There are 2 protein chains.
Amino acid sequence: MNKDRLIKLTIQARVLKAVAHPSRLCIVEELSKRERCVCELTEMIGADMSTVSKHLTVLKQAGIVADEKRGAMVFYRLRVPCLGKLFESVESVLECSARELMEAAK
Amino acid sequence: MNKDRLIKLTIQARVLKAVAHPSRLCIVEELSKRERCVCELTEMIGADMSTVSKHLTVLKQAGIVADEKRGAMVFYRLRVPCLGKLFESVESVLECSARELMEAAK
DNA sequence: CGTGCAATTGGTTATTTGGCCAAGTGGCCA
DNA sequence: TGGCCACTTGGCCAAATAACCAATTGCACG
């Protein structure tokens with residue numbers, strides 16, 4: 001395989017991998033509505049705050065979210081407005097095989 | 001978090017995770033052009049055939065590809081025509097932070 | 001100033017992943 | 001029917017992931 005192609009695929013894969021986790025997907029959905037502090041996201045997800053913080057680091061390193069410190073709190077927001085299309089694509093896969101996957105997930 | 005929501009997020013994450021790997025991304029791109037046998041995909045990726053076969057299993061379990069045996073060969077094709085949007089979304093993330101990510105990938 | 005909350009970082013552990021090799025399966029043809 | 005393809009599966013191992021707890025940092029406010 002061509003080296004440039006491999007680099008490009010690796011970068012794309014990194015972005016996809018970053019959102020390929022239930023908690024991080026949840027964070028992205030939430031941030032698509034409005035910015036949130038770590039506190040609120042932690043409450044929503046129901047995991048340890050340190051865990052959520054690490055998820056946010058992953059999203060940040062993939063270039064998906066940005067953070068801003070205001071006082072004692074840190075607010076996160078999406079860097080990219082149009083992640084909607086990504087979910088559409090995922091949905092189109094799910095429509096083809098919704099039943100089997102629903103079963104597998106339970 | 002709501003249980004139904006968690007299930008949905010888990011399923012979405014599984015689909016994303018399935019494509020979140022350079023080799024599997026490469027396979028998906030290739031299959032979006034035309035069907036391919038394992039042989040050809042192996043050649044293209046340059047890994048062991050057993051490795052490629054396992055990648056294909058991951059994609060199949062996520063409902064992204066389908067396989068069909070014809071004679072001694074097995075042909076894979078996309079089950080979903082419109083993964084293009086998914087790549088568009090990934091691209092939109094990359095545009096925002098292309099330089100940093102390119103560096104990180106090298 | 002020091003206590004207390006918000007968040008991150010480090011450490012540890014269990015699980016998952018991704019790779020190769022070796023062995024097994026199934027079809028085709030000489 | 002024997003052997004060679006095209007694949008898949010199982011085993012193994014190194015590395016990455018995800019979770020929690022504990023310790024640390026940074027800010028604010030009494």
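Since the model is a prediction, treat every value here as computed from it, not as a measurement. Numbers restart at 1 for each chain; the letters A, B, ... are given by sequence-line order, proteins then strands.
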Item to check | Whole-Å distance separating the CD atom of A:Q61 from the C1' atom of C:dT9 | outcome: 13 Å
Checklist entry - Starting at CZ of B:R14 and ending at C1' of C:dT16, how long is that distance when rounded to a whole Å? => result 13 Å
Checklist entry - To the nearest Å, how far apart are A:M73 CE and C:dG4 C1'? => result 15 Å
Checklist entry - What are the two closest non-hydrogen atoms of A:L31 and A:V65, and how far apart are they? => result CD1-CG1, 3.8 Å
Checklist entry - A:E68 CD to C:dA6 C1': how many Å, rounded? => result 16 Å
Checklist entry - Think B:Y76 has a side-chain N or O under 4.0 angstrom from the OP1 or OP2 of D:dA6? => result no
Checklist entry - For DNA chain D, which residues in residues 47-59 of chain A have a heavy atom at a distance below 4.0 Å? => result A:A47, A:D48, A:S50, A:T51, A:K54, A:H55
Item to check | Protein-nucleotide distance (B:R36, atom CZ; D:dA6, atom P), rounded to Å | outcome: 15 Å
Checklist entry - Under the salt bridge (Lys or Arg N to Asp or Glu O under 4.0 Å) criterion, do A:E35 and A:R70 qualify, and how do the steps go? => result CA-CA 12 Å; A:E35 68 169 20; A:R70 291 210 286 275; 2.4 Å; yes
Item to check | Identified side-chain contact (heavy atoms from CB on, under 4.5 Å) partner of B:I27 from the options B:H21, B:H55, B:R36 | outcome: B:H55
Item to check | Heavy-atom donor-acceptor pair, B:T10 side chain to B:L6 backbone, under 3.5 Å | outcome: yes
Checklist entry - Where the side chain of A:S53 meets the backbone of A:S50, is there a donor-acceptor pair that is under 3.5 Å apart? => result no
Checklist outcome for this item: On DNA chain D, more 5' by nearest nucleotide between B:V38 and A:H21 is B:V38
Next on the checklist: Over all strands shown, is A:K17 touching base, sugar-phosphate only, or nothing at heavy-atom distances under 4.0 angstrom?
Outcome noted: sugar-phosphate
Checklist entry - Between B:E29 and A:R5, does a salt bridge (Lys or Arg N to Asp or Glu O under 4.0 Å) hold up when you go through it step by step? => result CA-CA 11 Å; B:E29 269 189 23; A:R5 176 116 193 267; 2.8 Å; yes
Checklist outcome for this item: Residues B:A47 and B:T42: closest non-hydrogen pair is O-CG2, 3.4 Å
Item to check | Protein-nucleotide distance (A:E43, atom CD; C:dA7, atom P), rounded to Å | outcome: 12 Å
Checklist entry - Could you state the CG-C1' distance from B:L41 to D:dT8, rounded to the nearest angstrom? => result 15 Å
Checklist entry - Looking at B:R24, does any N or O in its side chain come under 4.0 Å of the phosphate oxygens OP1/OP2 on C:dG18? => result yes
Next on the checklist: Of the options D:dC7, C:dA7, D:dG26, whose atoms approach the side-chain atoms of A:K69 most closely?
Outcome noted: D:dG26
